[in-house]
Amino acid sequence: MDTMRERFASVVSRLLDDDPRLAVVLAEIGKDGFTDAARAHPDRVINVGIREQLLVGVGGGLALTGMRPILHTFASFLVERPFEQVKLDFGHQGMGGVLVSAAGSYDWPAGGYTHMAPGDVTLLDTLDGWTVHVPGHPDEAETLLRDAVAAGDDSVYVRLSAHTNSAPRDIAPGRFLTVREGRGGVVIAVGPMLDGVLAAVEGLDVTVLYATTVRPFDGRTLRAAAGAGAAARAGAAGAVDVVLVEPYLAGTSTAAANDALADRPHRVLGLGIPRRELRRYGTIDEHLAGRGLDPASLRERISGFLR
């Protein structure tokens, strides 16, 4: 199976052949995946070198000319380092583009904290109007990338990861997918956290929603799941417990869940990457365990929270 980044390069290379409005901007990272595309479209595959602020500035300039720019590098270099350029060159100018990241929160632990960005989605939440996709499988990444490119002039962030689920799901961009139904609460698994969540809640009477688009937050599906679960529980008085399991900063979506359920009794637990830095290398699985996001830890935390 190819990786999400490999799928990104192959899909976008084909899209460049079909749509003269598209342009890819790179900052050295990922350039090998676009070797053939750069040869075919030298004016629309641009490598600015290790200059991440320039990466975003060039993308914003292309958008001003009517192009649909696709920007790619590691999340820490795409969102965190050039954040002022994202805020001004896209947001303030009213321009749209597609930001496609890699490395996420802990994809390459050997790279150290300079190559980790657990706060990227939280940071984008300070800006207006961004759509955020978090696929959990290369097939889902392709679906969400194609949707992002076709999204008119909107601003879209696609968060790719080396951490994946074993199989793709039949997702619809913008909607949560109901994976299983139960009466004892709602667990929302974001992107690559789904397999671990399903293992963690085996035998528990809970609904599991799968989120691959987290902004806008699909409050309608959450409300429907919360209402169905509460109605099925005798004496629940309409109350619902919600657990969010996200592959980035813990609590990133708790406000969105609270807003969706503002008119009914509820509790929300946000699980994800804690603010405390884990100064270790290791592997993705070791980082998951170290942050309490492996199936055994998730089961203890989820079952301890649910009523």
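Predicted, not measured: the structure shown is a model, and the values here were computed from it.
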*Which distance, rounded to the nearest 0.5 Å, do you find between the CE of M193 and the OG of S161?*
9.5 Å

_Closer than 3.5 angstrom, by distance alone: can the side chain of D107 be matched with the main-chain N or O of A162 as a donor-acceptor pair?_
yes

*With the threshold set at 4.0 Å, does a side-chain nitrogen-carboxylate oxygen contact exist between D139 and R169?*
no

*What's the spacing between I70 CD1 and L15 CG if we round to 0.5 Å?*
6.5 Å

*Got a donor-acceptor contact below 3.5 angstrom from the R180 side chain to the V206 backbone?*
yes

*Could you please spell out the steps behind the side chain to side chain donor-acceptor pair (under 3.5 Å) verdict for T164 and H137?*
CA-CA 5 Å; T164 64; H137 187 276; over 6 Å; no

*Does atom CG of D128 have more than 12 heavy-atom neighbours, drawn from other residues, nucleotides or ligands, at distances under 6.0 Å?*
no

_Polar side-chain atom of S13 near backbone of S10 as donor-acceptor pair, under 3.5 Å_ = no

_Heavy-atom neighbours of E181 CD exceed 12 at 6.0 Å_ = no

*Relative to Y106, does R291 satisfy both conditions: NZ or CZ under 6.0 angstrom from the six-membered ring centre, and within 45 degrees of the ring's axis?*
no

_Looking at D36 and R39, is any side-chain nitrogen of the basic one under 4.0 Å from a carboxylate oxygen of the acidic one?_
yes

Could you pull out every donor-acceptor pair under 3.5 Å between side chains of residues 71-98 and any protein atom, sequence neighbours left out?
from: H72; atom 1: ND1; to: V100; atom 2: O; distance (Å): 2.7
from: S76; atom 1: OG; to: T114; atom 2: O; distance (Å): 2.9
from: R81; atom 1: NH1; to: E52; atom 2: OE1; distance (Å): 3.2

*CZ of R14: more than 12 outside heavy atoms within 6.0 angstrom?*
yes

*Thinking salt bridges, do R223 and D263 make one under a 4.0 Å N-O criterion?*
yes

*Can you find a side-chain donor-acceptor pair between R175 and T221 that sits under 3.5 Å?*
yes

*Does D195 reach the main-chain N or O of S166 with its side chain, forming a donor-acceptor pair under 3.5 Å?*
yes

*Take L244 and V268 through the side chain to side chain contact (heavy atoms under 4.5 Å, CB included) test and state the conclusion after the steps.*
CA-CA 8 Å; L244 286 153; V268 177; 4.0 Å; yes

*Which distance, rounded to the nearest 0.5 Å, do you find between the OG of S101 and the CE of M4?*
10.5 Å

*asked:* Which heavy atom of L222 sits nearest to which heavy atom of A260, and what is that distance?
replied: CD2-CB, 4.2 Å

*When rounded to the nearest 0.5 angstrom, what distance separates CG in D170 from CG in L177?*
7.0 Å

*Quick check: does any side chain N or O of T283 sit under 3.5 Å from a backbone N or O of E286, one acting as donor and the other as acceptor?*
yes

_Is there a side chain to side chain donor-acceptor pair (under 3.5 Å) between D32 and T35? Walk through the geometry before answering._
CA-CA 5 Å; D32 290 346; T35 300; 4.7 Å; no

*Shared ILVMFWY cluster between V56 and L123, side chains joined below 4.5 angstrom?*
yes

*Drop me the distance from D294's CG to L288's CG, to the nearest 0.5 angstrom.*
7.0 Å

*Verify the neighbour count for atom CZ of R21: are there more than 12 heavy atoms of other residues, nucleotides or ligands below 6.0 Å?*
yes

*Where H266 and N258 come nearest, the two heavy atoms and their spacing*: NE2-OD1, 2.7 Å

*asked:* Run D120 and Y157 through side chain to side chain contact (heavy atoms under 4.5 Å, CB included) and show every step you take.
replied: CA-CA 10 Å; D120 55 346; Y157 179 50; 2.6 Å; yes

*Return yes if some donor-acceptor pair links the side-chain N/O of R301 with the main-chain N/O of G292 below 3.5 Å, else return no.*
yes

*Counting distance only, does the side-chain N/O of R51 pair as donor-acceptor with the main-chain N or O of V48 below 3.5 Å?*
yes

*Describe, in one word, how the ring planes of F8 and F34 are oriented to each other, choosing from parallel (under 30°), tilted (30 to 60°) and perpendicular (over 60°).*
perpendicular

*Check whether any side-chain heavy atom of V187 lies under 4.5 Å from a side-chain heavy atom of L209, and answer yes or no.*
no

*Specify the closest pair of heavy atoms between G191 and Y210, including all atoms of both residues, with the distance to one decimal.*
O-CE1, 3.1 Å

*Side chain of R267, backbone of F305: donor and acceptor closer than 3.5 Å?*
yes

*Residue L64 excluded, over 12 heavy atoms near CG under 6.0 Å*: yes

*asked:* Test side chain to side chain contact (heavy atoms under 4.5 Å, CB included) on L278 and R276; report intermediate values, then the result.
replied: CA-CA 6 Å; L278 184 63; R276 174 184 55 83; 4.2 Å; yes

*asked:* With a 4.5 Å cut-off on side-chain heavy-atom distances among I, L, V, M, F, W and Y, is there a chain of contacts connecting I29 to V12?
replied: no

*For the pair R44 (side chain) and A23 (backbone), establish whether a donor and an acceptor sit closer than 3.5 Å, ignoring hydrogens and angles.*
no

_Can you confirm whether E300 is buried at CD, in the sense that more than 12 heavy atoms of other residues, nucleotides or ligands lie under 6.0 Å from that atom?_
no

*Distance, nearest 0.5 Å, that separates OG of S105 from CG of L249*: 8.5 Å

*So, for T207 and G182, which heavy atoms are closest and what is the spacing to 0.1 Å?*
OG1-N, 2.9 Å

*asked:* Test your reading of the model: is there a side-chain donor-acceptor pair from T131 to the backbone of V156, 3.5 Å cut-off?
replied: no

_Among V197, V208, L269, V201, exactly one meets side chain to side chain contact (heavy atoms under 4.5 Å, CB included) together with V245. Which residue is that?_
V197

_Shared hydrophobic cluster for L124 and L55 (ILVMFWY, side-chain gaps under 4.5 Å)_ = yes

*Is a salt bridge present between D153 and R68, judged by a nitrogen-to-oxygen distance below 4.0 Å?*
no

